[in-house]
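Some notes on the structure that comes next.
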Amino acid sequence: MFRAFSLLALVASAAAFAPRASPRTSLKLNADLSSIPGSSSPFPGFDPLGLSTDLDDMTLKKYQEAELKHGRIAMLAALGILVQESFHPFFGGAIS
């Protein structure tokens, strides 16, 4: 009885890691890349590597938001480099 219960528990736990049987649907980009925010007139829909050809609208929006977030963090980092070059609060500014 214990062996049967152990085998049943093992099979049930292995089934939790099995892939889903539902087929994956292909979602194509419905929007024109030249109409999204951030596209400029010399290069409308600039995507030289074709990274957005097989994306749905929500994934493209997520990528846009991540790009904005990382750009803002990079701008703050560049500002931090400039500030720390001219402002040394410790040791009277005598750090070499």
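Proximity of Met75 to Arg72: side-chain heavy atoms (C-beta onward) are separated by under 4.5 Å at one or more points.
Among the candidates Thr59, Asp54, Leu60, the single residue satisfying the side chain to side chain contact (heavy atoms under 4.5 Å, CB included) test with Asp56 is Thr59.
Every residue meeting the side chain to side chain contact (heavy atoms under 4.5 Å, CB included) condition with Gln64, not counting sequence neighbours, appears here in chain and number order: Ile36, Lys61.
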